[in-house]
2 protein chains.
Amino acid sequence: MARLPEYLRALHNLAETGHETISSEGLANAAGVNSAKLRKDLSQLGSYGTRGVGYDVGLLIEQIEYVLGLTQRRAVALVGVGNLGHALAGYDGFATRGFRIAALFDADPGRVGEEINGLVVRHIDELPQVAADESIAIGVIATPAAAAQQVADQLVAVGVTSILNFAPCVLSVPPGVDVRKVDLAIELQILSFHEHRKASLTAFPTTGGSALTALPNGFVVTESQEAIGT
Amino acid sequence: MARLPEYLRALHNLAETGHETISSEGLANAAGVNSAKLRKDLSQLGSYGTRGVGYDVGLLIEQIEYVLGLTQRRAVALVGVGNLGHALAGYDGFATRGFRIAALFDADPGRVGEEINGLVVRHIDELPQVAADESIAIGVIATPAAAAQQVADQLVAVGVTSILNFAPCVLSVPPGVDVRKVDLAIELQILSFHEHRKASLTAFPTTGGSALTALPNGFVVTESQEAIGT
DNA sequence: AGGCGCTTGTGAAGACGTGCACAAATCGCG
DNA sequence: CGCGATTTGTGCACGTCTTCACAAGCGCCT
Ligand SMILES: NC(=O)c1ccc[n+]([C@@H]2O[C@H](COP(=O)([O-])OP(=O)(O)OC[C@H]3O[C@@H](n4cnc5c(N)ncnc54)[C@H](O)[C@@H]3O)[C@@H](O)[C@H]2O)c1
Ligand SMILES: NC(=O)c1ccc[n+]([C@@H]2O[C@H](COP(=O)([O-])OP(=O)(O)OC[C@H]3O[C@@H](n4cnc5c(N)ncnc54)[C@H](O)[C@@H]3O)[C@@H](O)[C@H]2O)c1
């Protein structure tokens, strides 16, 4: 499940604040989900709760970390040490959440050799050698969109089977390779959509029956239109 | 729909490469989705396709931008000009995708006054005044997790109803306020989970011959494990 | 020992998303 | 003008996810 990491983060917070056990209600609250959903998720891992008491925080952390494959600290290769890449390279969230930045790569000779956070930027052509030494589990792409596909191909070629892509484009990869995408503009546009919807609703406070977005061509407001789900 | 921004990006690409019309198949391909799903999505906006021909790229861009509320360039306030905040402030993807960074805020007096990309960092206490001048549509939180809730409260207090949160924590906001979250570590952990799953599968080669070459660490896990859906 | 309150785990029902498959509609061409 | 090629729009079925509601289990207190 994609919610396990969220539970894990909440559990770590709880552990730091001294909680030994936690009820599904409390954990669901901390993770921002429904308690029934959380119980169903956790029951998939096995039954690690005690009725009448709750879940053992430490044990649950262990279990989730095992299922997520965080028992080994996975090596991450970051490609594209530009604006965003610098921020990522300097981010301590990698280390504290089970990952290790193993190498930084860039194509710009001007950037190669630069040291960031104790790591030296290497040229992208050195990727095969580095991959031979270190077993790279995950590749992160922070290059411009135009270069992303090429970088993805290079990562796949050296055996990387998981890619996190920050470039706003779709990557095509062979089966067996997982790609996740983070696109800031898409997040903003989704928020903008909700803003627009909220504005339309308050502008025409009808009975509030069916929520209907406004008209395309700037036509008269009396007309109504289908709502679009989230 | 959350897929509309993806379609929009693909459409802009198509427009730049000179396409006047595009079939659902072609657009679905460019956006990485099923063509039936895409047609169903677009049909929710109204019928802007021509059977036997496809969709008019320009018209469709207009329609989607309208529905997403991108006809006006929305003002974004960025709070927390640290490691990540710098990268975001210098990102041109805001401007090219329908947004405008209206103001930068930070609580550190040492950062206040710094100029980034033509914008001056202001103290977070000035937020009410700035919000009075500019109509801020979206707030972006790039502060440490410990400060995120407080910043969210401040944003809500000045009338912001959409928040993009980069801090790894859950925000509680009053109803009517939308929050979207971007958590890098969660993305990595989901990838790690799939890695773990793939490793378990290749460790016990049943019959299927996948094209994967190198074995993982030759690690043998005697314990079998439940498969968990994505 | 027994009862009581609390919490888990799960069955069932409903909502939702997805993809197939096909009728309807449009264009181009002879 | 008519026909075939092409593509949209959508009914339908199916699987997944979500939520409610409740029985079963556990610990504590009397
Ligand atoms: N900056 C942000 O806040 C932000 C936010 C969201 C998404 N993004 C996306 O992240 C990507 C990077 O953004 P940025 O602002 O850091 O851009 P940038 O131009 O500052 O950095 C890009 C880096 O990639 C390197 N590069 C180019 N081609 C390469 C290749 N083939 N192999 C290896 N390295 C290569 C460049 O030398 C440069 O250092 C872009 O696709 C952008 O759209 C950025
Ligand atoms: N750096 C990354 O690549 C990255 C990636 C993903 C998530 N994040 C998250 O983004 C957040 C910021 O990360 P960072 O690396 O930029 O941290 P950072 O410490 O470099 O920057 C945080 C900034 O927020 C400011 N700040 C603190 N409290 C504030 C307040 N109450 N009001 C206004 N500003 C305040 C600080 O002065 C500082 O400038 C963190 O929550 C981090 O977990 C960072």
Side-chain angles (χ1 to χ4, degrees), chain A residues 1-7 10-11 14 19-61 63-64 67 170 175 186 190 193-194 197 209-211 216 225-230, chain B residues 1-7 10-11 14 19-61 63-64 67 170 186 190 193-194 197 226-230:
Chain A
M1 291 286 181
R3 283 183 297 267
L4 288 180
E6 194 72 45
Y7 303 158
L11 284 166
L14 289 166
H19 292 72
E20 296 266 320
T21 64
I22 183 69
S23 71
S24 66
E25 191 72 28
L27 181 54
N29 221 332
V33 299
N34 184 292
S35 69
K37 196 192 303 188
L38 181 137
R39 285 200 299 276
K40 197 150 278 190
D41 286 346
L42 294 188
S43 75
Q44 297 292 311
L45 310 182
S47 294
Y48 296 109
T50 307
R51 303 181 185 216
V53 178
Y55 297 89
D56 182 289
V57 173
L59 178 60
L60 204 49
I61 287 178
Q63 288 303 324
I64 293 181
V67 172
V170 295
I186 285 186
I190 292 174
F193 166 68
H194 284 119
R197 227 173 59 83
S210 51
Q225 192 170 341
E226 286 285 329
I228 300 183
T230 309
Chain B
M1 291 287 183
R3 284 183 296 268
L4 287 180
E6 194 72 47
Y7 302 159
L11 284 166
L14 288 166
H19 292 72
E20 296 265 322
T21 63
I22 183 69
S23 70
S24 64
E25 192 72 27
L27 180 55
N29 221 327
V33 299
N34 183 292
S35 69
K37 195 192 304 186
L38 182 137
R39 285 199 299 275
K40 197 154 280 188
D41 287 345
L42 294 188
S43 74
Q44 297 292 311
L45 310 182
S47 295
Y48 296 109
T50 307
R51 302 181 187 215
V53 177
Y55 297 90
D56 182 291
V57 173
L59 178 61
L60 204 50
I61 287 177
Q63 290 302 325
I64 293 181
V67 171
V170 294
I186 286 186
I190 293 174
F193 166 69
H194 285 118
R197 227 173 58 84
E226 288 278 334
I228 299 181
T230 310

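To find a chain, count down the sequence lines: A is the first, B the second, and so on, and within it residues start at 1. Keep in mind that what you see is a predicted model, and the values were worked out from it rather than measured.
Residues A/Leu60 and A/Tyr55 come closest through the heavy atom pair CD2-CB, 3.7 Å.
For A/Leu27 and C/dG9, the CG to P distance is 12 Å, given to the nearest whole Å. Across the protein-nucleic acid pair, A/Leu45 atom CG and C/dG9 atom C1' stand 13 Å apart, rounded to whole Å. As rounded to whole Å, 11 Å separates atom C1' of D/dT16 from atom CZ of A/Arg3. Between the CG atom of A/Asp56 and the C1' atom of C/dT7 there is a distance of 15 Å, given to the nearest Å. In this structure, the CG atom of A/Leu60 is 11 Å from the P atom of C/dT8, given to the nearest Å.
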Handout entry: Pair A/Ile64-A/Tyr7, side chain to side chain contact (heavy atoms under 4.5 Å, CB included): steps then yes or no
Key = CA-CA 8 Å; A/Ile64 293 181; A/Tyr7 303 158; 4.1 Å; yes
Practice task
Evaluate side chain to side chain contact (heavy atoms under 4.5 Å, CB included) for B/Val170 paired with A/Glu6, printing each intermediate quantity in order.
Solution key: CA-CA 9 Å; B/Val170 294; A/Glu6 194 72 45; 3.8 Å; yes
Practice task
Begin from the C-alpha positions of B/Thr21 and B/Thr50 and carry the test side chain to side chain contact (heavy atoms under 4.5 Å, CB included) through to its verdict.
Solution key: CA-CA 10 Å; B/Thr21 63; B/Thr50 307; over 6 Å; no
Problem - Test log, rule side chain to side chain contact (heavy atoms under 4.5 Å, CB included), inputs B/Ile61 and B/Val57 - result: CA-CA 6 Å; B/Ile61 287 177; B/Val57 173; 4.0 Å; yes
Problem - Sugar-phosphate or base contact per nucleotide [nucleotides 24-30 of chain C; S, B, -; heavy atom under 4.0 Å] - result: BBBS---
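To the nearest 0.5 Å, the span separating OG on B/Ser23 from CG on B/Asn29 amounts to 9.0 Å. Atom-to-atom distance recorded for A/Arg3:CZ and A/Lys40:NZ is 11.5 Å, nearest 0.5 angstrom. Atoms CG and CD, on A/Asn34 and A/Glu25 in that order, are 8.0 Å from each other to the nearest 0.5 Å. Taken from CG in B/Leu42 to CG in B/Leu4, the straight-line distance is 7.5 Å, to the nearest 0.5 Å.
Nearest nucleotide to the side chain of A/Ser23, out of C/dG9, C/dT7, D/dT8: C/dT7.
Applying the 4.0 Å criterion to OP1 and OP2 of D/dT7, one finds that B/Ser24 has every side-chain N and O outside that range. Residue A/Tyr55 places no side-chain N or O under 4.0 Å from the OP1 or OP2 atom of D/dC26.
The stretch residues 31-42 of chain A touches DNA chain C through A/Arg39, A/Lys40, each having a heavy atom within less than 4.0 Å of the strand.
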